[in-house]
Amino acid sequence: MTATTNKTQIEADPRLPTIKIIRDFDAPPELVYRVWADPELVARWLGPRDIQNHIDTWDLRRGGSWRYASTREGEEIASFYGSFHEVRENERIVQTFTYEGWPDGVCLETVTFEDLGDGRTRTVAFSVTDTMEARDGMIASGMETGVVEGYEKIDEILAEGAA
């Protein structure tokens, strides 16, 4: 495991059904983007450390789709799906996100990759849910632990030179 000095900042606007996640990485945008784009790497870093991810579909292109399931101790605990609306290599990914346990809820997510110079990148993930209830449910589900640990795993992947 690699120690990191980069802190994950998670903001939930009290007036809007949004979540903003800001995180800096010690790697250039093309490497950080690759960790988001390569399905084998995505499966490694998504979510908390005690789960495994199985990517069923990962078609990263405008109009493409994705689906993955998360397991813990061999049992599926959650699955998610969505579609890619915009993909700009090393710059931006816009996608929908739906938890299969709540199929009426659709979240729109935009991730940007900002070059900070000196081989560093800031990612900003901005999510809009369709209701405050859905947003608050995401937060209450343990999202913060999954995001923080997932981003720590990205640091580890980048340190391995796997990206």
Side-chain angles (χ1 to χ4, degrees), residues 4 6-13 16-48 51-70 78-100 102-103 105-117 119-130 134-135 137-139 141-163:
T4 183
N6 296 318
K7 182 175 169 66
T8 302
Q9 181 180 344
I10 301 175
E11 302 170 358
D13 188 316
L16 300 170
T18 62
I19 300 171
K20 183 187 281 186
I21 303 168
I22 303 167
R23 177 64 145 71
D24 294 349
F25 294 94
D26 297 327
E30 59 272 15
L31 295 181
V32 177
Y33 176 85
R34 183 161 181 259
V35 175
W36 250 269
D38 182 324
E40 290 182 23
L41 297 176
V42 170
R44 288 180 54 193
W45 69 262
L46 274 176
I51 66 164
Q52 294 76 48
N53 296 300
H54 307 279
I55 305 287
D56 297 323
T57 303
W58 195 262
D59 183 12
L60 183 65
R61 63 178 174 84
R62 182 186 295 173
S65 63
W66 62 270
R67 183 187 184 280
Y68 71 90
S70 300
S79 54
F80 308 90
Y81 66 92
S83 58
F84 295 107
H85 288 253
E86 183 64 41
V87 178
R88 291 189 212 152
E89 190 171 340
N90 304 329
E91 292 180 22
R92 170 183 163 107
I93 298 171
V94 180
Q95 66 186 50
T96 60
F97 176 94
T98 297
Y99 166 51
E100 288 186 355
W102 189 324
V106 178
C107 179
L108 181 64
E109 300 179 333
T110 301
V111 180
T112 57
F113 303 83
E114 178 185 350
D115 188 348
L116 297 176
R120 302 191 75 237
T121 301
R122 173 168 295 149
T123 61
V124 178
F126 186 75
S127 301
V128 180
T129 61
D130 50 356
R135 191 274 313 264
M138 287 176 69
I139 292 171
S141 72
M143 179 201 82
E144 181 175 354
T145 298
V147 169
V148 170
E149 290 184 6
Y151 284 12
E152 289 171 355
K153 289 188 280 184
I154 291 174
D155 288 331
E156 294 162 16
I157 291 168
L158 293 167
E160 292 171 4

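Keep in mind that the numbers below use all heavy atoms, side chains included, and drop hydrogens, waters and symmetry copies.
With sequence neighbours excluded, the residues satisfying side-chain contact (heavy atoms from CB on, under 4.5 Å) with Asp115 are Pro29. Evaluation of the side-chain contact (heavy atoms from CB on, under 4.5 Å) rule for Val128 yields Thr18, Phe126 as partners, not counting sequence neighbours. Scored by the side-chain contact (heavy atoms from CB on, under 4.5 Å) test, Phe80 finds Trp66, Tyr68, Ser70, Ala78, Phe97, Tyr99 as partners (sequence neighbours excluded). For Asp56, the salt bridge (Lys or Arg N to Asp or Glu O under 4.0 Å) criterion is met by Arg67, not counting sequence neighbours. Residues satisfying the side-chain contact (heavy atoms from CB on, under 4.5 Å) criterion with Ser83, sequence neighbours excluded, are His85, Thr96. The salt bridge (Lys or Arg N to Asp or Glu O under 4.0 Å) test applied to Arg92 returns no partner, not counting sequence neighbours.
Here Ile22 contributes atom CD1 and Thr112 contributes atom OG1; the two are 9.0 Å apart, rounded to the nearest 0.5 Å. Atom OG1 of Thr121 and atom CG of Leu158 lie 8.5 Å apart (nearest 0.5 Å). Gln95 CD to Glu86 CD: the interatomic distance, rounded to the nearest 0.5 Å, is 12.5 Å. Here the CG-OG distance, from Leu60 to Ser65, works out to 11.0 Å after rounding to the nearest 0.5 Å. Taken from CD in Glu156 to CH2 in Trp45, the straight-line distance is 13.0 Å, to the nearest 0.5 Å. With values rounded to the nearest 0.5 angstrom, Leu41 atom CG is found 12.0 Å from Lys153 atom NZ.
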Just do the side-chain contact (heavy atoms from CB on, under 4.5 Å) check on Asp26 and Asp155 with the steps written out, would you?
CA-CA 8 Å; Asp26 297 327; Asp155 288 331; 5.8 Å; no

Before you tell me yes or no, could you show the steps for Arg23 and Val147 under side-chain contact (heavy atoms from CB on, under 4.5 Å), namely the whole-Å CA-CA distance, both residues' side-chain angles and the distance that decides it to 0.1 Å?
CA-CA 10 Å; Arg23 177 64 145 71; Val147 169; over 6 Å; no

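Checked by atom type and distance alone, the side chain of Thr98 never pairs as donor or acceptor with a backbone atom of Pro103 at under 3.5 Å. Distance alone, capped at 3.5 Å, places no donor-acceptor pair between the Trp36 side chain and the Asn90 backbone. Looking at Asp24, its side chain never comes within 3.5 Å of a backbone N or O of Asn6 through a donor-acceptor pair. Under the 3.5 Å distance criterion, the side-chain polar atoms of Arg135 are left unmatched by any main-chain donor or acceptor of Ser127.
No side-chain heavy atom of Phe25 sits less than 4.5 Å from a side-chain heavy atom of Leu116. The side-chain heavy atoms of Asp38 and Trp58, taken from C-beta on, include no pair separated by under 4.5 Å.
Nearest heavy atom pair, residue Val32 against residue Ala27, reads CG2-O, 3.8 Å. Across all their heavy atoms, Val124 and Lys20 have their closest contact at CG1-CG, 4.0 Å. The nearest pair of heavy atoms linking Val111 to Ala125 is CG2-CB, 4.0 Å. The minimum heavy-atom distance linking Thr8 with Val148 is given by the pair CB-CG2, 4.1 Å. Nearest heavy-atom pair across Thr129 and Ala134 is CB-CB, 4.0 Å.
Annotation for Glu144: atom CD does not count as buried by contact number, only 12 or fewer foreign heavy atoms lying within 6.0 Å.
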